[in-house]
Number of protein chains: 2
Amino acid sequence: MDKRVTIQDVARHAGVSITTVSRFLNERYDSMSEATRGRIEAVIKHLGYRPNALAQGLKGNRTKMVAAVVVNMSYPFCVGFMKSLNQTLSPAGYHLFVSETAGNPDRERAIVQSLQAQRVDAMVLQTGGQNNDLLAAIAIQMPVIFVDRKYVVPGVTNVITNNLEASEQLAEHILEQGYRRVLYVTEQEDGVHTRKERLQGYLQACHKLSFKPWVITVDRDQDDTFDLVVKAVEDGAKKEPIAVYTGNGLLMMRLYPDLIRLGFQIPSQLGLATFDQPDWSGLVQPSLTCVGQPVDTMGALTGEMLLQRLSKPDETASAPVPFDVKTIASTLVLGGSTRLHR
Amino acid sequence: MDKRVTIQDVARHAGVSITTVSRFLNERYDSMSEATRGRIEAVIKHLGYRPNALAQGLKGNRTKMVAAVVVNMSYPFCVGFMKSLNQTLSPAGYHLFVSETAGNPDRERAIVQSLQAQRVDAMVLQTGGQNNDLLAAIAIQMPVIFVDRKYVVPGVTNVITNNLEASEQLAEHILEQGYRRVLYVTEQEDGVHTRKERLQGYLQACHKLSFKPWVITVDRDQDDTFDLVVKAVEDGAKKEPIAVYTGNGLLMMRLYPDLIRLGFQIPSQLGLATFDQPDWSGLVQPSLTCVGQPVDTMGALTGEMLLQRLSKPDETASAPVPFDVKTIASTLVLGGSTRLHR
DNA sequence: ATGAAAGCGCTAACAG
DNA sequence: CTGTTAGCGCTTTCAT
């Protein structure tokens, strides 16, 4: 490794003190002669000097880094959200730091502590909710936002979508089509409010339209749990038109080929719908009815809230947001997969 | 913002010097009494102290941060690659820093410089190739790896897949099925070797099997360029069985609905295939013939190479890798979309 | 218009 | 076993 060029080197080459170079770096040109300014500029370019952000951060207590902690960075939700968040943060000079927890609370804790040590300026997390004590303490030091998760933690803002209403709306739509039964496929709740509320939305729709709920819980790590769903659908659809509504896009992706293989006519014998809007929902035939979550809006909103709080220093301490929830509406996307003609 | 607790505070509360605390932090327990160790440990937990990584980095010159600079973080290739890279880096205590260039050279340059200032320990880039001067200079200071891009820059390792061979193989497969013509759809080359080599693979296959090449170049930002493709397919497929082979998965995703809408029988009247393996390739009917790039392997390999170089300090200067290319083989995935029965 | 000097929080000789 | 001291690269009063 060659020695990295420092402010010292620049000062020496330009024949000025490091203070003056520092002034130049911070664009305080008013207190500097044209000549000096030009000289420093030239030296910096010539030496390829870049101020050490670590040293700057150590002094100024701002690193221009924002951390996003998600469950799985390849989930469509996370991908879309991070991209949009990054797009609003980036122009303001903030860098995004991405980590994934894989849903492991200990791992999440370790990541958060590491991020804290890294002195990021803010954190955005899709948390599991088991480290709220730690996060509450951190929320005193910097802006913290929960995304896609709802937990009451003082000082933390939650950015979520209207899972319950959207799910109820979708379930109602399917039931109104005339399917005799609608199977709801979900995963173990595990304290994740999205799963709970989507299920609840389905249940409410059933209750409202006087249908008997039909729910199967699967585990994405266990293939045989999906076999049960396929079997249930096979038995059910041969008697009467039924529909399958999955609680998230990954479940439908996993289930889709198996369900198609059963050979039922979609949508006349078997209706299909899912929460989330997979990128392939418009590619299959018939297109898939689904609920599109506004990940772009969520990312942008989160980014803007962050920027605003970051712009007014010490706001965190002086006006600690007690607790706050921003709910953004999802969109029902009607596809051919539930268009049952009675 | 409340004052953040520092090593000073810990030392004071524990009644020892900061040196001793520092020793504790660096696990040099041998030179420390049981009592002291226990006391420090308790104080740290009580105060919720986290060593300031900035200060540590400023001193030790290692930040445990690795940067990944990609064109678009929502592209399937990038998503898969980053995830796998992160999974190999993370256990070693490295954090991943993600940025996107949107293919803009100036933006890429700005990002790289900022990353350099941030003192990341290494960089992985899907570069556009316009900043190779800067990157060559950086490669002297830290490990730099190009992914999915091939440029000769001293000290930089390239991790790529066998685009040419895989493309030729796929094109040959399609032609051998008996399609009378195969339309290759690509984007402006713009110095991106993957586009160039995939096209070349197609051309070689045509030459080898004595077919006349048929290529249309589209622009994903201009819808009308796709209209031309659709029109060409419509005119062609009504006369004889033809196939469409797109140079990447995004193009096929964009084109697919339009092509299906034409109403030709797939694969008997119209064959379909693409480079890349979209997650939906197995969901559509018939399933899509494609080329799967081993993004996981690429990410893991990249991560391992990085870790190895990072583990031996000053290796960079003493044994500057002159130039190096790692090529990983892709897999041809035969689907029903090109199964033409003559 | 410019510089000297005091840290920011931490590590690492070098003494005890 | 533990403390003293000198920086790492930069910003920021306070002088001049």
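Labels below follow one simple rule: chain letters A, B, ... track the order of the sequence lines, proteins then strands, and each chain is numbered from 1.
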Value in whole Å for how far the [atom2] atom of [N] lies from [atom1] of [X]:
X: B/N52; N: C/dC8; atom1: CG; atom2: C1'; answer: 8 Å
X: B/R28; N: C/dA13; atom1: CZ; atom2: P; answer: 9 Å
X: A/E34; N: C/dT2; atom1: CD; atom2: C1'; answer: 16 Å
X: B/M32; N: D/dG3; atom1: CE; atom2: P; answer: 10 Å
X: B/R119; N: D/dC10; atom1: CZ; atom2: C1'; answer: 11 Å
X: B/R50; N: C/dC10; atom1: CZ; atom2: C1'; answer: 15 Å
X: B/I18; N: C/dG7; atom1: CD1; atom2: C1'; answer: 13 Å
X: B/N26; N: C/dC10; atom1: CG; atom2: P; answer: 11 Å

Of A/T6 and B/R23, the one whose closest DNA chain D nucleotide lies more 5':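 It is B/R23 whose nearest nucleotide is closer to the 5' end.
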Whichever of A/L58 and B/R37 has its nearest DNA chain D nucleotide further upstream toward 5':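 With A/L58 and B/R37 compared, the 5'-side residue is B/R37.
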With a non-hydrogen cut-off below 4.0 angstrom, is [X] in contact with a base, only sugar-phosphate, or nothing?
X: A/D30; result: sugar-phosphate
X: A/L25; result: sugar-phosphate
X: B/V21; result: nothing

Phosphate OP1/OP2 of [N]: any [X] side-chain N/O under 4.0 Å:
X: B/T36; N: D/dC1; value: no
X: A/S33; N: C/dA1; value: no
X: A/S17; N: C/dT2; value: no
X: B/Y29; N: D/dT2; value: no
X: A/Q56; N: D/dG9; value: no
X: A/S22; N: D/dC10; value: no

Point-to-point distance, once rounded to the nearest 0.5 Å, from [atom1] of [X] to [atom2] of [Y]:
X: A/T127; Y: A/Y151; atom1: OG1; atom2: OH; value: 6.0 Å
X: A/K326; Y: A/T302; atom1: NZ; atom2: OG1; value: 10.5 Å
X: B/M32; Y: B/E27; atom1: CE; atom2: CD; value: 10.0 Å

Looking at [X] and [Y], does any basic side-chain N land under 4.0 Å from a carboxylate oxygen?
X: A/E100; Y: B/K83; result: yes
X: B/D121; Y: B/R309; result: no
X: A/D30; Y: A/R28; result: no

Polar pair under 3.5 Å, donor/acceptor by atom type, side chain A/K59, base C/dG7: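 Side chain to base: pair found, below 3.5 Å.
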Out of C/dG9, C/dT2, D/dG3, whichever nucleotide has its closest atom nearest the side chain of B/T19: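 From the listed options, D/dG3 comes nearest.
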Nearest to side-chain heavy atoms of A/A55, which nucleotide of D/dG9, D/dG3, C/dC10: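 That would be D/dG9.
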